[in-house]
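First the structure, in the form of structure tokens, and then the observations on it.
In what follows, every chain begins at residue 1, and chains take the letters A, B, ... in the order their sequences are listed.
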Amino acid sequence: MESIITRFPPSPTGYLHVGGARTALFNWLYAKQNNGKFILRIEDTDTVRSTQASVDAIFEAMEWLELDWDEGPFFQSQRFDLYREYLQRLLNSGDAYYCTCTPEEVDVMRKKAMALGEKPKYDGRCRERGLLKTDNAVIRFKSPLKGTTVVEDVIKGNIVFQNTEQDDFVVCRSDGTPTYNFVVVVDDITMGINTVIRGDDHVMNTPKQILLYRALKAKLPVFGHVPMVLGKDKTRLSKRHGAMSVTAYRDMGYLPDAFINYLVRLGWSHGDQEFFTREELLEKFNLKNIGKSAGVFDLDKLTALNADHIRAATVTQLALKVRPFFKEKGYDVARNDYLEKVVGTLHTRSKTLVEMAEGAHFYYRDTVEPYDEKAAKKFLKPSVVPILTSLAEKLDAIPDLKEKTQEGAFKKVMEEMGLGFGKIAQPVRVALTGTTVSPGIFEIIEVLGRDRVMARLRAAVEFIETTG
RNA sequence: GGUCCCAUCGUCUAGUGGUUUAGGACGUCGGCCUCUCACGCCGGUAACCCGGGUUCGAAUCCCGGUGGGAUCACCA
């Protein structure tokens, strides 16, 4: 069997968005799991809208998602000679012709057809005129006048198009540049692409492309059109729905593996399984189980999945991923062993890396003040001064301040004061972290270390005495 | 408007004629656990778009309707 060759062909007119990332992912998974090739091709024939910044943004996003390509990136803007050659073939075989109608004239044809209640299209008036090349001529493809063109879609099944619906579309503009449907076909043929997985929005292009394949006497690839990703209001995902750029999700603290897990699961299933590692995806992904209907992008579900992936990761892996977020917050990340300890306490309680960075704040501040106003009001009252001073004393007497060794100190204070653990832990938590929400008290004390624990306990007492 | 696609809980989905009082996950609600918040655990809520067929039997097959989406360029 010939090996699978897929491609991802973004046009560099913006960042890589969610829908694009998903088709890239499907192509990548399918190629990789079949020991095939995944090719990256930049469709930059629209020189006006294409930018280098967009090309860079696409690379950046692909890198974050860890989608590597085996060939390319190819740039269509550098392949014009090839397109010209194929254009000539079409002309030579009589499958294309020059047309001198101006855009305005074609527009009139469309309007006229529309007025008659017909489908707006070019009427083919230059089709048999045998025109030669002139300055403002375009080249049109000679579309069959009858019959049907069938798209055999591996996801949607057979889709039948009447050829009468097709008009003689332009394959080469009057300025000599080739158009999209033509270059795609030439590229896919010459790059040996045999599997085309792309968005739903391309189905209407497919019959045109099939006609081109036939005229060029090339073998058809397997087509698979994946449904769109929609926003909450069921319309095409756009800026209104929040972040479009894939890298925005990186910046919001999502793990790439969680993100691809979510993207694949949106529209594809493997029974009831929700959580997939990258390796599992590579193993289990298939075209057959891709659904036919569009899916709504749901941030809550992504977040839940992200939490699962965070929990499944090791502390070492997480430390590596969260590092940039800590840096961003101004935390000193030089000491990796400390960072890992911090991450260890936040591991199962963070849904995103951003959340983790926020939760780590108190570990990296010299002082915990100013306290959260409500927390201080509720827990840092004169009545807790004896608790804090007594606990400080007892903790200080413990030579090795580990999670396990602290219990005795707390017990003694509980007995002395005749209070439950909760009554003691909360004020201590506020004293050590500044808030009422944090990891467990014992963990915090161990990670913070004796000096800072003592200083913060003392500071809290001082705070109570000066404000109280 | 023409053409094309789609249609199971709010959302992602399982389900391919009977094993289904339609299952799971996210969300949501309630409870338990507990040093706070989470996590975890337990439980509740909630769906086969409508109408006709086919069949002993339909979420599953067929037709029609409705609804949603895509696309109609010398853009990709």
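No engagement by Thr435(A) is indicated, since no non-hydrogen atom pair under 4.0 Å with the nucleic acid exists. Heavy atoms of Gly440(A) sit under 4.0 angstrom from at least one base atom. Across all strands shown, Arg110(A) has heavy atoms under 4.0 Å from sugar-phosphate atoms exclusively, and none from any base. No contact: Cys99(A) has no heavy atom under 4.0 Å from any strand. Heavy atoms of Ile441(A) sit under 4.0 angstrom from at least one base atom.
Side-chain atoms of Asp300(A) and base atoms of G27(B) include no donor and acceptor less than 3.5 Å apart. Under 3.5 Å, the side chain of Asp44(A) and the base of A76(B) form no donor-acceptor pair of N or O atoms. Thr179(A) contributes no side-chain N or O that forms a donor-acceptor pair with the base of C74(B) under 3.5 Å. Below the 3.5 angstrom threshold, one finds a donor paired with an acceptor across the side chain of Lys301(A) and the base of C12(B).
When the C1' atom is compared between C12(B) and G27(B), the two are found 11 Å apart, to the nearest whole Å. Going from the P atom of U71(B) to that of G53(B) covers 38 Å, rounded to whole Å. With both ends at atom C1', the span from U13(B) to A59(B) equals 14 Å, rounded to whole Å. Comparing the P positions of U60(B) and G18(B) gives an interatomic distance of 12 Å, to the nearest angstrom. A distance of about 8 Å separates the C1' atoms of G17(B) and C61(B), rounded to the whole Å. The P atoms of C50(B) and A58(B) are separated by 15 Å, rounded to the nearest whole Å. Comparing the C1' positions of C62(B) and C72(B) gives an interatomic distance of 30 Å, to the nearest angstrom. Rounded to the nearest Å, the gap between the C1' atom of C48(B) and that of C9(B) is 10 Å.
What separates CG of Asp298(A) from C1' of A25(B) is a distance of 11 Å, to the nearest Å. In this entry the distance linking CG of Leu305(A) with P of G24(B) reads 18 Å, nearest Å. One can place CD of Glu274(A) at 11 Å from P of G27(B), the figure rounded to the nearest angstrom. Counting to the nearest Å, the C1' atom of C72(B) and the OH atom of Tyr122(A) are 18 Å from each other. The separation between Arg265(A) atom CZ and U11(B) atom C1' is 12 Å, rounded to whole Å.
In the set A76(B), U71(B), A38(B), U71(B) carries the atom at the smallest distance from any side-chain atom of Asp201(A). For Thr436(A), whose side chain is taken as the heavy atoms from C-beta onward, the closest listed nucleotide among U36(B), C4(B), C39(B) is U36(B). With C74(B), C35(B), A76(B) as the choices, the nucleotide that has an atom nearest any side-chain atom of Ser174(A) turns out to be C74(B). Checking A14(B), C74(B), A38(B) against every side-chain atom of Lys351(A), the shortest atom distance belongs to A38(B). For Ser293(A), whose side chain is taken as the heavy atoms from C-beta onward, the closest listed nucleotide among C74(B), C5(B), C6(B) is C6(B). Listed nucleotides C74(B), A70(B), U13(B) differ in distance to Arg140(A); the shortest reach to its side chain belongs to C74(B). Comparing C39(B), C5(B), G23(B) against the side chain of Lys156(A) picks out C5(B) as the nearest. You'll find that the side chain of Glu43(A) is closest to A76(B), out of C12(B), A76(B), U3(B). When distances run from any side-chain atom of Tyr180(A) to the nucleotides A7(B), C35(B), A76(B), the shortest one goes to A76(B). Side-chain atoms of Glu165(A) lie closest to U3(B) of the nucleotides U36(B), A14(B), U3(B).
Base-pair partner of U71(B): G2(B) (Watson-Crick or G-U wobble, both distances under 3.5 Å). The nucleotide C32(B) finds its pairing partner in G40(B), both defining distances of the Watson-Crick or G-U wobble pair being shorter than 3.5 Å. Across all strands shown, A7(B) is found opposite U66(B) as a Watson-Crick or G-U wobble partner, with both distances under 3.5 Å. C56(B): Watson-Crick or G-U partner is G18(B), with both key distances under 3.5 Å. Pair assignment for C48(B) gives none, since no Watson-Crick or G-U wobble pairing has each distance under 3.5 Å.
One finds a side-chain N or O of Arg311(A) lying less than 4.0 angstrom from the OP1 or OP2 phosphate oxygen of G40(B). Note on Lys234(A): a side-chain N or O is less than 4.0 Å away from OP1 or OP2 of U11(B).
For the pair Met204(A) and Gln426(A), both in contact range of RNA chain B, the more 5′-proximal nearest nucleotide belongs to Met204(A). Each of Ser438(A) and Arg22(A) was matched to the nucleotide of RNA chain B holding its nearest heavy atom; the match closer to the 5' end belongs to Arg22(A).
A salt bridge links Lys284(A) with Glu280(A); the closest basic N to acidic carboxylate O contact falls under 4.0 Å. Under the 4.0 Å criterion applied to side-chain N and carboxylate O atoms, Asp257(A) and Arg278(A) are assigned as salt-bridge partners. Ion pairing between a basic and an acidic side chain is recognised when a charged N comes within 4.0 Å of a carboxylate O; Asp187(A) and Arg7(A) show no such pairing.
Side-chain contact check for Val185(A) versus Tyr213(A): some heavy-atom pair is nearer than 4.5 Å.
The six-membered or imidazole ring of Phe182(A) lies away from that of Phe169(A), with a centre-to-centre distance of 6.0 Å or more. In this structure, Tyr371(A) has its ring center at least 6.0 angstrom away from the ring center of Phe379(A). In this structure, Trp69(A) has its ring center no closer than 6.0 Å to that of Phe8(A). Under the 6.0 Å cut-off for aromatic ring centres, Phe285(A) and Phe26(A) qualify, their centroids lying closer than that.
With a 6.0 Å radius and a threshold of 12 heavy atoms from other residues, nucleotides or ligands, Glu152(A) has its CD atom at or below the threshold.
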